[in-house]
Each structure stands twice: as structure tokens, then as C-alpha cells.
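Please read all numbers here as calculations on a predicted model, not as lab measurements. Just the heavy atoms: all of them, side chains too, but no hydrogens, waters or symmetry mates, feed the values below.
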Amino acid sequence: MLLSREMGAGSLKPPRLILHNFLTSEECKELEFIHKSSSTVGYRPNVFSTTLSHLIATNSAPFLIPFVPIRERLKEKVEHFFGCEYELCVEFTGLISWCRGASIGWHSDDNRPYLKQRHFTAVCYLNSYGKDFKGGLFHFQDGEPATLVPMAGDVAIYTADSCNIHAVDEIIEGERLTLTLWFSRDSAHDEDAKLISLLSKNMPELKLPMLASSNMYWFSLDPASHQQLGFDICLARMHVLGFDICSCQAEGLFSDSTELLMEPLQLVRGNELFKQEFVNILHALQAVQFHHWKASDLPNAQSEVEPGDVVRLSKSQQEVVRSLKSQFVNDHRVVEMIFSCATCSRNQQNFDWGRFSATIVGLEDFTCKLHKELLMSLPYWRTHGIIYSVPPECS
């Protein structure tokens with residue numbers, strides 16, 4: 001742990017706190033799974049984001065549960081370090097990834113009139129410099145430490161005002177992923193109240209994911225350019241992991257081809273078609289990302305796929321796959337430049353569909369467990385007006 005407060009008589013160091021290994025490796029991987037299963041185009045060029053309100057809106061409310069204990073621990077650290085116990089609310093929680101070309105110059109986190117309610121910042125690094133991405137070093141303009149080298153599990157906590165002006169170097173390669181929270185003394189900006197209200201409109205049922213508007217998933221290096229010069233980030237994330245999609249829907253039935261991604265589809269790897277249907281591209285993406293996260297944890301004895309569950313693509317299906325790729329992953333070079341991943345396996349030979357089938361069951365179990373915890377917690381959240389970890393004995 002690195003503290004930075006007092007420098008000497010009559011002067012103060014910029015108030016900041018650096019914590020190493022604050023998050024476990026498993027917490028980092030779980031949040032990475034949620035982000036890469038749910039993210040949309042972000043607020044800056046080459047940035048992708050996942051907000052808690054977005055998870056609720058896309059039928060992924062159970063994914064809020066892993067955030068809850070982390071938010072509590074961070075809030076406790078901020079309040080203790082800055083001496084403001086019981087004064088703060090969480091103003092914003094988001095998963096944010098920066099890809100090649102993303103950067104930001106010197107600024108404070110409250111540098112706009114509409115951001116003045118932000119008093120403290122916590123940035124949790126979910127992956128590591130040099131291993132998962134290049135570039136993206138974090139610099140403070142004044143004080144120590146002058147530079148932070150992002151490492152998975154580390155956290156930087158600092159005031160959001162001009163005492164902590166900072167910048168981030170351009171990302172050269174890979175995807176730099178953080179969990180970022182802002183805290184406020186102004187309860188009018190309490191994120192919890194808004195989230196509880198969204199959840200309370202309908203007691204959340206366990207549902208399959210639903211896409212937001214298609215333009216939230218469309219990435220372009222030049223936002224002013226024609227749509228064909230970009231790609232759909234859901235399909236692109238599957239592409240870098242070696243998967244394509246095949247739709248049984250006729251394109252002529254849809255006035256907008258992006259509607260195809262909201263319809264049932266099947267996964268393809270190489271020349272093999274996995275016949276199980278997914279309700280939409282987001283559902284398929286969750287399965288692929290969960291497999292990428294958890295497949296290595298499965299025991300050696302996996303479930304076998306049934307005869308006929310995996311078949312060779314017909315010529316007509318091959319044409320459908322090519323057509324969808326040309327529409328939604330038009331420039332493979334740009335896709336791989338943005339979402340390059342050293343740990344991705346693109347080997348199309350001898351893929352273990354039995355292991356993949358087992359991870360689909362694992363995803364269902366994972367989501368059901370989170371959903372049960374959400375249902376148990378929500379009445380307490382509504383009563384107390386705050387999102388917190390409800391003790392198991394209350395269930």
C-alpha cells in the first residue's frame with residue numbers, strides 16, 4: 001500500500017492511495033467476462049463501456065451481484081482514507097476498456113460543470129500492462145507516484161479535483177480494462193437509488209439477454225464514416241476467439257440487416273456448425289466468453305455432444321456465414337487490431353464441442369445463482385435505499 005498525503009510543514013502531497021492486489025485474480029476475470037459479454041461503444045474514441053444500468057436494461061441484472069462487495073470495499077477505503085465516513089454515495093460504477101488508439105490528456109475527473117458532483121475516484125485495474133496490453137500508462141501531473149503501471153488487482157484512489165490532474169498514454173496494443181467508480185458527497189447523485197428504482201419497476205425474472213439499440217454495438221475508427229467501414233463489437237469479440245455465426249432467418253424478411261443479430265442464430269467454428277440455437281447475438285456472446293473464461297476449469301470428464309449436435313456446414317450455410325461476416329465484421333484487420341488478444345485460441349481443428357456444451361450448462365448455473373441472490377437482496381435494498389451485501393442468513 002502506498003499513501004500520499006503529508007509532505008511537510010505547510011504543504012500537502014496530492015491526496016491519493018495506491019493499493020496492490022486489492023482485487024483477486026478471480027474477481028478480475030469475472031468482471032472481464034461481464035464486460036466482454038455486455039459492452040457497448042464508449043464515451044471516447046476506441047473506448048468500450050459497461051454500466052450497471054445497461055446490464056439491467058439488457059436483461060443481465062444478475063451480473064450486478066459481483067460488483068456489490070467490491071463497491072462496498074472500495075467505498076470503505078475511500079471514506080477511511082479521506083476521513084469522510086458515512087458521507088459518500090457511489091455516483092457511477094462502470095467497466096471501461098481502452099483499445100488501440102485510445103488515450104486522454106491532462107485533466108481532472110470533475111473538469112466539466114456536469115461532473116462537479118464527483119469528489120473521489122477509484123480505478124481498479126483488471127488486467128496487466130505488458131501482458132494484456134501495451135501503452136496505457138497512467139501519469140499524475142504532480143506528486144508521487146508520478147506514473148502507475150497498471151497491474152491486475154491494483155487500485156488507485158484519489159480526489160477528483162485539480163489536486164490530481166492526470167493523463168493516460170495511448171494504447172498501442174491489446175485492451176486495457178478497468179473498473180472505475182466515482183464517489184460523491186451529494187446524495188442527489190446516488191447511483192444506488194437509480195439502480196434500485198430500475199430494478200423495482202418489475203421484480204426481475206430470469207430472462208435471456210436482450211440487445212440494446214444496434215448502434216450501441218457498432219464500432220468505427222472514424223465515427224463520421226459510412227457504417228460499412230466499421231464492425232459489430234459482439235460479433236467481433238467472438239471472431240477473435242475463433243467463432244462465427246449462422247442465421248436461419250432470410251435477410252429479405254428484415255428492412256434492416258442489423259435485425260438479424262436480434263434473431264435466433266447458431267455458432268460456427270471452422271467448417272462445423274453447433275446446432276443449438278441462441279436467442280440472439282448477445283446470448284451467443286455470453287456463451288463464448290464464459291467458455292473462454294471457464295473452460296480450463298472444467299474437469300477432464302466433460303459431457304459428450306449428442307450425435308447430430310455438431311454438423312459440417314452445407315454450401316448454403318457457408319454462404320450465410322460469409323454474408324454475415326462481410327456485413328458485420330467487414331475489416332478483419334481492424335477487428336484484430338482493436339481486440340487483439342495474446343491468449344486467444346483460433347485453432348479450428350479438433351475443437352472440443354463437448355467441453356463447450358458443458359460451459360453452456362455452467363453459464364446457466366452461474367446466472368441462476370446470481371439471480372437467486374439478486375431476488376433475495378432486492379427487498380433489503382429497497383427498504384434501506386442502498387445496494388449492499390445482504391448476509392446469507394437473511395435469505
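Just one of N59, L261, L211 meets the side-chain contact (heavy atoms from CB on, under 4.5 Å) condition when paired with L282; it is L211. Exactly one of T359, D365, T367, I360 qualifies for a side-chain contact (heavy atoms from CB on, under 4.5 Å) with L363. That residue is T367.
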* Step by step, would you call F274 with F351 a ring pair (Phe, Tyr, Trp, His ring centres under 6.0 Å)? -> CA-CA 11 Å; F274 187 55; F351 180 73; 8.9 Å; no

* Worked check of side chain to side chain contact (heavy atoms under 4.5 Å, CB included) between C124 and E27 -> CA-CA 11 Å; C124 311; E27 286 175 321; over 6 Å; no

* Stepwise side chain to side chain contact (heavy atoms under 4.5 Å, CB included) check, F243 with I245 -> CA-CA 7 Å; F243 291 86; I245 60 170; over 6 Å; no

* To do: Evaluate the criterion side chain to side chain contact (heavy atoms under 4.5 Å, CB included) for residue pair I165 and D142; output intermediate values, then yes/no.
  => CA-CA 8 Å; I165 292 175; D142 300 299; 5.7 Å; no

* Going through the distances and angles, do F140 and L148 end up as a side chain to side chain contact (heavy atoms under 4.5 Å, CB included)? -> CA-CA 8 Å; F140 285 112; L148 299 181; 4.1 Å; yes

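Between P45 and A102 the shortest heavy-atom distance is O-CB, 3.8 Å. Heavy atoms only, all atoms of each residue included: L285 and K36 are closest at CD2-O, 3.4 Å. Summarising the geometry of G385 relative to D190, their closest heavy-atom pair is O-OD2, 4.2 Å, with the distance given to 0.1 Å. Taking each heavy atom of P66 and F63 in turn, the nearest pair found is CD-O, 3.2 Å. Of all the heavy atoms in S53 and L198, the pair that sits closest is CB-CD1, 3.9 Å. Of all heavy-atom pairs between A152 and S128, the closest is N-OG, 2.9 Å.
A single hydrophobic cluster is not seen to contain both F231 and V268; linkage of ILVMFWY side chains at heavy-atom distances under 4.5 Å, directly or through other members, places them apart. M376 and L64 fall within the same hydrophobic cluster, where Ile, Leu, Val, Met, Phe, Trp and Tyr residues are linked whenever their side-chain heavy atoms come under 4.5 Å apart, directly or through other members. In the hydrophobic cluster analysis, where Ile, Leu, Val, Met, Phe, Trp and Tyr join through side-chain heavy atoms closer than 4.5 angstrom, V123 is grouped apart from F133. I386 and L378 fall within the same hydrophobic cluster, where Ile, Leu, Val, Met, Phe, Trp and Tyr residues are linked whenever their side-chain heavy atoms come under 4.5 Å apart, directly or through other members. Under the 4.5 Å side-chain contact rule for hydrophobic residues, L19 and Y129 do not share a cluster.
Listed for the D232 side chain is no donor-acceptor partner under 3.5 Å among the backbone atoms of F328. Side-chain atoms of H54 do not come within 3.5 Å of backbone N or O of S49 as any donor-acceptor pair. In this structure a side-chain-to-backbone donor-acceptor pair under 3.5 Å is present from E79 to Y86. Using a distance-only test at 3.5 Å, with no hydrogens or angles considered, a donor-acceptor pair links the side chain of E72 to the main chain of S389. In this structure, H119 contributes its side chain and Q117 its backbone to a donor-acceptor pair below 3.5 Å. Listed for the Y217 side chain is a donor-acceptor partner under 3.5 Å among the backbone atoms of A212. Side-chain atoms of N280 never come within 3.5 Å of backbone atoms of E263 as a donor-acceptor pair (strictly under, hydrogens ignored). Under a 3.5 Å cut-off, the side chain of N46 and the backbone N or O of R100 do form a donor-acceptor pair. Distance alone, capped at 3.5 Å, places no donor-acceptor pair between the D309 side chain and the Q276 backbone. Remark: side-chain polar atoms of T383 are paired, donor with acceptor, to backbone N or O of P379 under 3.5 angstrom.
Side-chain contact between L179 and F67 is present, with heavy atoms from C-beta onward closer than 4.5 Å. V335 is listed as a side-chain neighbour of V240, based on a closest heavy-atom distance under 4.5 Å. Annotation: side chain of R118 is not in contact with side chain of H189 (no heavy-atom distance under 4.5 Å). Here the side chains of W381 and L199 are in contact, with some heavy-atom distance below 4.5 Å. By the 4.5 Å heavy-atom criterion applied to side chains, N127 and C28 are not counted as neighbours. E191 places none of its side-chain heavy atoms less than 4.5 Å from the side chain of E91. Proximity of I387 to I196: side-chain heavy atoms (C-beta onward) are separated by under 4.5 Å at one or more points. The side-chain heavy atoms of W293 and E32, taken from C-beta on, include no pair separated by under 4.5 Å.
Atoms CD1 and CG, on I65 and L55 in that order, are 11.5 Å from each other to the nearest 0.5 Å. Within the model, atoms CG of N271 and CG of L313 stand 5.0 Å from one another, a figure rounded to the nearest 0.5 Å. For the atom pair NE2 of H292 and CZ of F33, the computed distance is 12.0 Å after rounding to the nearest 0.5 Å. Distance SG/C368 to CD/E373: 13.5 Å, rounded to 0.5 Å. L370 contributes atom CG, which lies 7.5 Å from atom CD1 of I34 (distance to the nearest 0.5 angstrom). In this structure, the separation between CG on L374 and CD1 on I56 is 8.5 Å, given to the nearest 0.5 Å.
Residues W182 and D109 bring a donor and an acceptor atom of their side chains to less than 3.5 Å of each other. In summary, the side chains of S184 and D186 do not present any donor paired with an acceptor at a separation below 3.5 Å, with no hydrogens or angles considered. When only modelled atom types and interatomic distance are considered, D161 and S108 share no side-chain donor-acceptor pair under 3.5 Å. Between the side chains of E175 and S97, at least one donor N or O sits under 3.5 Å from an acceptor N or O. In this model, a donor atom of one side chain and an acceptor atom of the other lie less than 3.5 Å apart for H107 and H166.
Between Y388 and Y380, the ring center distance fails the sub-6.0 Å criterion. Taking the ring centroids of F81 and F120, they lie at or beyond the 6.0 Å cut-off.
The side-chain tip of R73 points at the ring of F22 from less than 6.0 angstrom away and within 45° of straight on. The side-chain tip of R269 does not point at the ring of F356 from less than 6.0 angstrom away and within 45° of straight on. For the pair R237 and F339, the cation sits on the ring face: its NZ or CZ lies under 6.0 Å from the ring centre, inside 45° of the axis.
Enclosure of atom NZ in K116 by more than 12 non-hydrogen atoms of other residues, nucleotides or ligands within 6.0 angstrom is indicated. The local environment of CD in E85 is crowded, with over 12 non-hydrogen atoms from other residues, nucleotides or ligands closer than 6.0 Å. Counting heavy atoms of neighbouring residues, nucleotides and ligands inside a 6.0 Å radius, atom NZ of K369 does not exceed 12 of them.
Salt bridge annotation for R322-E319: present, with a cationic side-chain nitrogen under 4.0 angstrom from a carboxylate oxygen. A salt bridge does not link E26 with K29: none of the charged nitrogens is closer than 4.0 Å to a carboxylate oxygen.
Between F48 and F219, the angle of the ring planes lies from 30° to 60°, which puts this pair in the tilted group.
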